[in-house]
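All remarks here apply to the structure that follows.
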Amino acid sequence: MNAPPPPNQPPAEGDVSKNIVWHENTVSRAARERNLRQRGCVVWFTGLSGCGKSTIANELDRLLISRGAACTLLDGDNVRHGLCAPPAALSGEHGDAFAERFGLGFSPIDREENIRRIGAVASLMAAAGLITLAAFVSPYRRDRDRVRRIVEGDGQKGDFLEVFVDTPLEVCQQRDPKGLYKKALAGEIPNFTGISDPYEAPQQPEIHLQFRVGMTPSDAAEEILQVMTARGVFGTPVAEDKR
């Protein structure tokens, strides 16, 4: 028989996962969805910086709230202030060792963890019956596909809607609302998507918003809303949860 770990010492890393057990809630997901009269889902906006993701997501959020939907919006910059803060933002409060281990920069592996954390949170929100809007560059196809598997694994196929805001790089550079492209081109920002880091466009998004002159955020939000309605997100009675 193996001796237990010393007091105040965690068990060996290999043993930790064996002690983590999923606890089923008394209130089922289906009951929450029936109460809200909507299907929990994740609407995932992806595209280059400056393509219009956040603007369109905010307009869709406004439309959803106006029709009485229960929804929430996760935005890339906002999440970087807390859940996925960079090391510099954590060191003062938590110390350098903590910041180095848990803070996220913009390297490929940090981007992967950024999207993993957000995907896990978004899936929990969808499981609570919320329409969860997520606006992130999320440049790597593999990471977005993982989020899809998480969300649909916790729910059902169709709970993840990928929205590709397809705005040409030159248009994004002209807009440059935060001045990031200017800094990236000057070499001041490494690993910047579209300049020094790749963007892998979705191959089969549920919604493909192609840039066109004159298209407003309201136009785009209405287009997404129509797809969501056609997919039965709103007002559809939900059967007893057997997931």
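Below, all heavy atoms of this structure are taken into account, side chains as well, without hydrogens, waters or symmetry copies. Just so it is clear, the structure is predicted and the values come from calculations on it, not from any experiment.
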### Message
Run Cys71 and Ile65 through side-chain contact (heavy atoms from CB on, under 4.5 Å) and show every step you take.
### Response
CA-CA 7 Å; Cys71 58; Ile65 290 294; 3.7 Å; yes
#### Entry: Chi angles and distances behind the side-chain contact (heavy atoms from CB on, under 4.5 Å) call for Arg141, Gln203
CA-CA 9 Å; Arg141 193 176 298 124; Gln203 294 177 319; 3.7 Å; yes
### Query
Among side-chain atoms of Asp145 and Tyr140, is any donor-acceptor pair under 3.5 angstrom?
no
### Message
Is it the case that the side chains of Asn58 and Thr55 hold a donor-acceptor pair, with the cut-off being a distance below 3.5 Å and no angle test?
### Response
no
### Query
Between Phe234 and Arg67, is there a cation-pi geometry (under 6.0 Å to ring centre, at most 45° from the normal)?
yes
Surrounding [atom1] of [X] (heavy atoms of other residues, nucleotides or ligands, distance under 6.0 Å), is the total greater than 12?
X      : atom1 : value
Glu200 : CD    : yes
His81  : NE2   : no
Gln204 : CD    : no

For a 4.5 angstrom cut-off between non-hydrogen side-chain atoms, does [X] reach [Y]?
X      : Y      : answer
Leu90  : Glu100 : no
Cys84  : Ile118 : yes
Leu104 : Arg80  : yes
Asp77  : Lys178 : yes
Leu185 : Gln173 : yes

#### Entry: Joint cluster assignment, Ile115 & Met125, ILVMFWY side-chain distance < 4.5 Å
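Linked within one cluster.
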Can you list, pair by pair, the side-chain donor-acceptor contacts under 3.5 Å of residues 222-231, counting residues two or more places apart and other chains?
{"unit_1": "Thr229", "atom_1": "OG1", "unit_2": "Leu225", "atom_2": "O", "d": "2.9"}

Using every non-hydrogen atom in the two residues, find where [X] and [Y] come nearest and quote the distance to one decimal.
X      : Y      : result
Ala221 : Glu59  : CB-CG, 3.7 Å
Ser49  : Cys172 : O-CB, 3.4 Å
Val121 : Leu74  : CG1-CD1, 4.4 Å
Gly214 : Asp219 : O-OD2, 3.9 Å
Asp96  : Ser91  : OD1-CB, 3.4 Å
Glu188 : Pro190 : O-CD, 3.9 Å

Determine whether a donor-acceptor pair (N or O, by modelled atom type, separation under 3.5 Å) exists between the side chain of [X] and the backbone of [Y].
X      : Y      : result
Asp166 : Phe211 : no
Gln38  : Ala69  : no
Arg116 : Arg146 : no
Arg62  : Ser218 : no
Arg39  : Gly232 : no

### Task
Kindly determine whether Arg32 and Val27 satisfy side-chain contact (heavy atoms from CB on, under 4.5 Å), including the steps that lead there.
CA-CA 7 Å; Arg32 298 178 193 278; Val27 179; 3.7 Å; yes
Any Lys/Arg nitrogen of [X] or [Y] sitting under 4.0 Å from an Asp/Glu carboxylate oxygen of the other?
X      : Y      : result
Asp75  : Lys53  : no
Asp159 : Arg148 : no
Arg142 : Glu112 : yes

### Query
When clusters are formed from ILVMFWY side-chain contacts under 4.5 Å, directly or step by step, what else is grouped with Met215?
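Listed partners: none, Met215 stands alone.
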Can you give each donor-acceptor pair under 3.5 Å made by side-chain atoms of residues 129-139, sequence neighbours left out, with the distance rounded to 0.1 Å?
{"unit_1": "Ser138", "atom_1": "OG", "unit_2": "Trp44", "atom_2": "NE1", "d": "3.0"}
{"unit_1": "Ser138", "atom_1": "OG", "unit_2": "Thr46", "atom_2": "OG1", "d": "3.3"}
{"unit_1": "Ser138", "atom_1": "OG", "unit_2": "Phe136", "atom_2": "O", "d": "2.9"}

Quick one: [atom1] on [X] to [atom2] on [Y], what's the gap to the nearest 0.5 Å?
X      : Y      : atom1 : atom2 : answer
Leu73  : Leu60  : CG    : CG    : 9.0 Å
Leu209 : Cys51  : CG    : SG    : 9.0 Å
Glu206 : Cys41  : CD    : SG    : 10.5 Å
Ile195 : Lys183 : CD1   : NZ    : 14.5 Å
Asn35  : Arg37  : CG    : CZ    : 10.5 Å

### Query
Phe98 vs His94 aromatic rings, parallel, tilted or perpendicular, using cut-offs 30° and 60°?
parallel
### Query
Centroid-to-centroid, Phe45 to Phe164, below 6.0 Å?
no
### Message
One pair to check against ring pair (Phe, Tyr, Trp, His ring centres under 6.0 Å): Tyr181 and Phe192. What are the steps and the verdict?
### Response
CA-CA 8 Å; Tyr181 283 102; Phe192 190 79; 5.0 Å; yes
### Full working for side-chain contact (heavy atoms from CB on, under 4.5 Å) between Glu162 and Val43
CA-CA 6 Å; Glu162 188 174 38; Val43 182; over 6 Å; no
